Undergrad: 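Below you'll find the structure I mean.
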Amino acid sequence: MAEIAKQHWSAERYAETAHFVPTLGAPVVELLAPMPGEHILDLGCGDGVLTEKIAAAGATVVAVDAAPDMVAAARARGLDARVTAGQDLDFDGTFDAVFSNAALHWMRPPERVLAGVYRALKPGGRFVAEMGGHNNTAAVIVALSTVLGRRGIDAHRLSPWYFPSAEAYGEKLEAAGFAIDEIRIVPRPTPLPAGLEAWLDTFAEDFLGILPPSDRAAARREVAELLWPVLMDERGIWIADYVRLRFRAIRSG
Ligand code: BEZ
């Protein structure tokens, strides 16, 4: 069964606090190298900033995302965007490539997503993606776990995220019928322009949303207090401990 995160996605909040996500996704578009006339599926398109770049290369792009508000924002850019969860892909041998940036770590179980990506691709089609990898936002997760632990809650049971190692995800890709062209972990310390607390609001609702509304601001503050000695630089800029898993794999057969 698909595990659906409790995070509510607001396109407006995303644009205000997380515009660095598509900006830093440029190397993944480069790895995709879209060609004029290709049919490409953007899986977990968010508000469509990168979908637009792929379309600008001359490809025909279908974009899917589980969050209706993000799909509405992508449609407002004139894109063919549809509300579909990555676990429920229903395309048959249609695409030359499937692209995904910063989305696969929200989609569990990964086997179900990979089966849908495989079916969506033409034989020989490519799957090019970047997601959170092993150790991604490790300090943030430890801090969330500490703060929720103080309240008798096990944060790890609440986590909607899946951050695999290159080896573990490589095995899943191969088991799903892909040949791996390249796969690697890329540590990417990431400045958070709106600060850590805004980041927690945008991305960590599955954790803090479990608390009574009256306790959420205090808990968020406690997380920030634990983290500032390790994640804030000497200029007062929050820099999150992002680690990416980037890969290019080919549908064999
Ligand atoms: C990520 O893109 O790595 C990420 C985003 C939100 C929460 C956790 C990880």
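Nothing fancy with the numbering, it's 1 onward along the sequence. Numbering of ligands and ligand atoms starts at 1, following listing order. Everything numeric here is computed off the predicted structure, so don't read it as measured data.
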Undergrad: Tell me whether the centres of the aromatic rings in Phe127 and Tyr118 are closer together than 6.0 Å.
TA: no
Undergrad: Can you tell which part of Met131 has a heavy atom less than 4.0 Å from ligand 1: side chain, backbone, both or neither?
TA: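 Under 4.0 Å from ligand 1, Met131 contributes no heavy atoms.
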Undergrad: Please report which non-hydrogen protein atom sits nearest to atom 9 (C) of ligand 1, along with the residue it belongs to and the distance in Å to one decimal place.
TA: Asn136 ND2, 3.4 Å
Undergrad: Using a heavy-atom cut-off of under 4.0 Å, does the side chain or the backbone of Trp106 touch ligand 1, or both, or neither?
TA: side chain
Undergrad: Any idea which protein heavy atom is nearest atom 2 (O) of ligand 1, and the distance to it?
TA: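 Residue, atom and distance for the closest contact: Arg244 NH2, 3.0 Å.
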Undergrad: Have a look at Tyr162, Phe20, Phe163, Trp161 and point out the one with the heavy atom closest to atom 7 (C) of ligand 1.
TA: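 Looking at heavy atoms only, Trp161 sits closest to atom 7 (C) of ligand 1.
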Undergrad: Numbering the atoms of ligand 1 from 1, which are under 4.0 Å from a heavy atom of Trp199?
TA: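 Checking each atom against Trp199, I get 6 (C), 7 (C), 8 (C).
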Undergrad: Does the gap between the ring centers of Trp161 and Phe203 come in under 6.0 Å?
TA: no
Undergrad: Any side-chain donor-acceptor pair under 3.5 Å between Arg82 and Thr84?
TA: no
Undergrad: Compile the donor-acceptor pairs under 3.5 Å between side chains in residues 14-34 and protein atoms, sequence neighbours left out, one pair per line.
TA:
from	atom 1	to	atom 2	distance (Å)
Thr17	OG1	Arg13	O	2.9
Thr17	OG1	Thr202	OG1	2.7
Thr23	OG1	His19	O	2.9

Undergrad: Output the list of atoms in ligand 1 that are nearer than 4.0 Å to some heavy atom of Tyr242, sorted by atom number.
TA: 1 (C), 2 (O), 3 (O), 5 (C)
Undergrad: For atom 4 (C) of ligand 1, grab the closest protein heavy atom and report residue, atom and distance to one decimal in Å.
TA: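 In this structure, atom 4 (C) of ligand 1 has His105 NE2, 3.5 Å as its nearest protein heavy atom.
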Undergrad: Check the surroundings of atom CZ in Arg150: do more than 12 heavy atoms from other residues, nucleotides or ligands lie under 6.0 Å from it?
TA: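 Buried by this count: over 12 neighbours within 6.0 Å.
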Undergrad: Which side-chain N or O atoms in residues 166-186 pair as donor and acceptor under 3.5 Å with protein atoms at least two apart or in another chain?
TA:
from	atom 1	to	atom 2	distance (Å)
Lys172	NZ	Glu111	OE2	2.9
Asp181	OD2	Arg248	NH1	2.4

